[in-house]
Number of protein chains: 2
Amino acid sequence: MSNRSNTQHMLSRAEVPRGLSRDEQIYRDILEAVVEHRLAPGARLPEDSLSDVFGVSRTVIRKVLQRLALEKLVLIRPNRGAQVAQPSAKEAQDVFAARILIEPAMMADVCRRVTDTQLDQLQQVVDEERLAQQTGRQSDAISLSARFHVQLLAIAGNEVITEQVAQLTTRSSLIIAVYGSRNSVGYECGGHGELIGLLRLGDDKGASAWMHRHLSQILESLEFDLGAPGTPDFHTIFQRK
Amino acid sequence: MSNRSNTQHMLSRAEVPRGLSRDEQIYRDILEAVVEHRLAPGARLPEDSLSDVFGVSRTVIRKVLQRLALEKLVLIRPNRGAQVAQPSAKEAQDVFAARILIEPAMMADVCRRVTDTQLDQLQQVVDEERLAQQTGRQSDAISLSARFHVQLLAIAGNEVITEQVAQLTTRSSLIIAVYGSRNSVGYECGGHGELIGLLRLGDDKGASAWMHRHLSQILESLEFDLGAPGTPDFHTIFQRK
DNA sequence: CGCCAGCTTTCTGTATACATTTCTAAAAAC
DNA sequence: GTTTTTAGAAATGTATACAGAAAGCTGGCG
C-alpha cells in the first residue's frame, strides 16, 4: 500500500518533467503498438493486465482506453472490456475515401508553403522508412509511413485537418493490418520519395494527382474477401458440408 | 451511503433500458448546452457541481469531460479543471476551411443518393429551424441548423466523413458563440431551404457551389477583431490611458 | 492604504473497494 | 454422450477516500 504510493510519487517526479504525463506516455505506447501491428486486431486489452504492465491503477488505463476508443482504434463493449478494433470493409473504404478527398486537395497549400528545410525533414523520414523496410523492421516502416503523411499535411498549416489526417492514418494502419497484402506496404514505402521530387518542383497538380494515385493504390491492394474480421467461420474454413 | 447505492440501482434499472447509458445521456446534455450557447465559452465546469446536478460520481463526469475535451468542446488544463472551450481565431478559420473542403465535395454523392423521403426529412428540419428562429428560440435554431448539416452529409453514406463533419459542426456552434454576429445565425437559417431545392433538381454542381457559398458567408460574418477570447483586456474595455 | 506571506479552502489526480455482469467450466439431467 | 444448469472466477462499472495542486483569504507588514 505505502510502497505503491511511493512508487507513484517517484514516477511523477521522474516522468512528468520529461514533458509527457503518464497518461500521454501510456497512450502513445499502446497507440504505437497498434499502429506497428504488434498488437493484432481483435486482441483483448484487459484493464488489470495493462495496469500491471504500466504500473498504474485501472483509473489511468481506462482513461487511455476510452481515448483510443473515441479514435476508433479500440472497441469497448459495455461490461465486456476493450480490444483492438477490427475495422470492417465498409469502414476501410470510408476511411480511404476520406483520405482521398482530403489529402490530394491539400497538396496545393502544401506546395505553396513548403520550405527547403521541411523538404529535407520529409526526405529524412523517407530515408529512414526505406532503411527500416530493407532491414526488415516492418513495424518501424509502418510507423514512419504514417508519420510521413501527417508531417506532410501539417505543412499546409491547418491544424484541424492535420489532426483529422493523423487519425485517419492510424486507422489506416489498423486497416492494413486486417486487409493488407504484401503489396500494401510496398506502395507505402516506394512512392513517398517521388512526391518530394514533385514538391521540390512546385508541381502542385502533380503532387495532388500523385497523392490520389498513391492512396487509390493502397486501397486497391486491400483484400477484403479474405477472412472476415469478426468471428472466424469454421464451417467455411474446414469445408464441413 | 446506502441510500446513494440505492439511488444508483434505481437509476440503472430505470434509465439504461431507455437505450442510452448514463454516460451518453450526460454527454448529450452537456453537448447540447454548449451547442445551444446556454453554456458560454470559458464557463468553468467543476466536477463536483456536475456530479451533484446529474446525481453521479465524479468518475462518470470525468469520463464525459474527457470525451468533450477530445472533441475540442472543452478545455482541460492539468490540475485546473475543465471549462467550455474558447476557440481561437486561427482555430475558427481552420475549422471552416476544413468544412469548405469537405462539405461541398460531398454534394455530388449526396445528390446521387438522396431519396425523396430523405429530402422530406431535411425539409422538416428546415421548417422546424425556421419556426424556432421566428419564435425566438435561438437555442433550438442553432441545434437544428447543425443537425441539418450532419443529416445532409450522412446521406452520402460515408460514416467516417459524417462523424468528422458532426464534430466540425459542433465546433462551429462554439465558434459562432464567440465570434458570431447577428448575421451568422441568419445565414444558417435562411439558406438551407434553397439547397433542398437544388437537390430535388439533381443539380449537384449547384448544390456544391451553394454549400461553398453558404459556409464562406458564415466565415465572413464572423468578427474576429472583437474582444479576444482569452483574458478580457480591461485597459481596452475601459479606455484607461 | 496597499501588498505580500502563509494558511485555509476548494478542486483535481489517482488508487482502491465493492457491486454487478460476463465468462468458464464442472456437474447434473436428459 | 450431449445439452442444460449452475456455481465459481475474472473482469468491468461506479463510488469513494485520500493526496496533491491551485486559488482564495486573512492577518500582518511596509
Side-chain angles (χ1 to χ4, degrees), chain A residues 1-27 30 42-70 74-84 231 240, chain B residues 1-27 30 42-70 74-85 231:
Chain A
M1 226 193 285
S2 64
N3 61 0
R4 260 216 185 265
S5 291
N6 289 341
T7 305
Q8 179 198 341
H9 299 160
M10 283 164 55
L11 284 175
S12 70
R13 239 181 302 186
E15 296 201 359
V16 166
R18 279 211 280 142
L20 257 61
S21 65
R22 277 188 299 172
D23 303 352
E24 189 67 23
Q25 187 58 58
I26 296 172
Y27 164 77
I30 298 180
R44 305 219 62 227
L45 301 168
E47 298 175 0
D48 286 333
S49 318
L50 295 172
S51 302
D52 288 345
V53 170
F54 289 104
V56 296
S57 76
R58 282 176 49 215
T59 310
V60 178
I61 297 296
R62 282 177 73 81
K63 179 177 173 181
V64 170
L65 289 177
Q66 277 156 16
R67 175 170 174 189
L68 290 165
L70 287 176
V74 156
L75 175 68
I76 295 180
R77 290 177 303 172
N79 286 315
R80 293 187 190 189
Q83 58 182 281
V84 179
T231 318
R240 280 283 177 83
Chain B
M1 224 196 289
S2 66
N3 60 0
R4 261 218 185 262
S5 291
N6 288 340
T7 305
Q8 179 198 342
H9 298 161
M10 284 162 55
L11 283 175
S12 70
R13 239 182 302 186
E15 296 200 359
V16 166
R18 279 212 278 141
L20 255 61
S21 66
R22 276 188 301 174
D23 304 353
E24 189 67 23
Q25 186 59 57
I26 295 171
Y27 164 76
I30 298 180
R44 304 218 61 228
L45 301 169
E47 298 175 0
D48 287 334
S49 318
L50 294 172
S51 301
D52 288 345
V53 170
F54 289 104
V56 296
S57 78
R58 281 175 50 215
T59 309
V60 178
I61 297 296
R62 281 178 74 82
K63 178 177 172 182
V64 170
L65 289 177
Q66 277 156 15
R67 175 169 174 189
L68 290 165
L70 288 176
V74 156
L75 175 69
I76 296 180
R77 289 177 302 170
N79 286 316
R80 292 189 190 185
Q83 59 181 281
V84 179
T231 319

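Chain A is the first sequence line, chain B the second, and so forth, proteins listed ahead of strands; every chain is numbered from 1.
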Decide yes or no, distance alone: a donor-acceptor N/O pair under 3.5 angstrom between the base of C:dG13 and the side-chain of B:Arg58. yes
In terms of heavy-atom contacts, A:Ala82 and A:Ile76 come closest through CB-CG1, 3.9 Å
Would you mind checking if B:Glu24 and B:Lys63 are paired as a salt bridge, meaning a charged N to carboxylate O distance below 4.0 Å? no
Distance test, side-chain N/O of B:Arg22 to OP1/OP2 of D:dT14, below 4.0 Å: yes
What is the distance, to the nearest angstrom, from the CD atom on A:Gln83 to the C1' atom on D:dT12? 14 Å
From C-beta outward on A:Glu47, which listed nucleotide comes closest to its side chain: D:dT14, D:dG13, C:dT16? D:dG13
Rounded to the nearest 0.5 Å, the CG atom of A:Leu65 sits from the CG atom of A:Leu75 at a distance of 11.5 Å
Using atom CG of A:Asp52 as one end and atom P of D:dA11 as the other, report the distance to the nearest whole Å. 10 Å
Please state how far atom CG in B:Asp48 lies from atom C1' in D:dA15, giving the value in whole angstrom units. 13 Å
5'-most contact on DNA chain C: B:Pro78 or A:Arg77, nearest heavy atom basis? B:Pro78
Could you state the atom-to-atom distance from CD1 of B:Ile61 to C1' of C:dT12 in whole Å? 14 Å
Separation of D:dG13 atom P from B:Asp23 atom CG, nearest Å, is 9 Å
Indicate whether OP1 or OP2 belonging to C:dT12 is found under 4.0 Å from a side-chain N or O atom of B:Arg80. no
Is there a side-chain contact between B:Thr59 and the phosphate of D:dT14, meaning an N or O under 4.0 Å from OP1 or OP2? no
To the nearest Å, how far apart are B:Arg44 CZ and D:dG24 C1'? 13 Å
Let me know the distance between CG of A:Asn79 and C1' of C:dC18, rounded to the nearest Å. 15 Å
If I take atom CD1 in residue B:Ile76 and atom C1' in nucleotide C:dT12, what distance separates them, rounded to the nearest angstrom? 10 Å
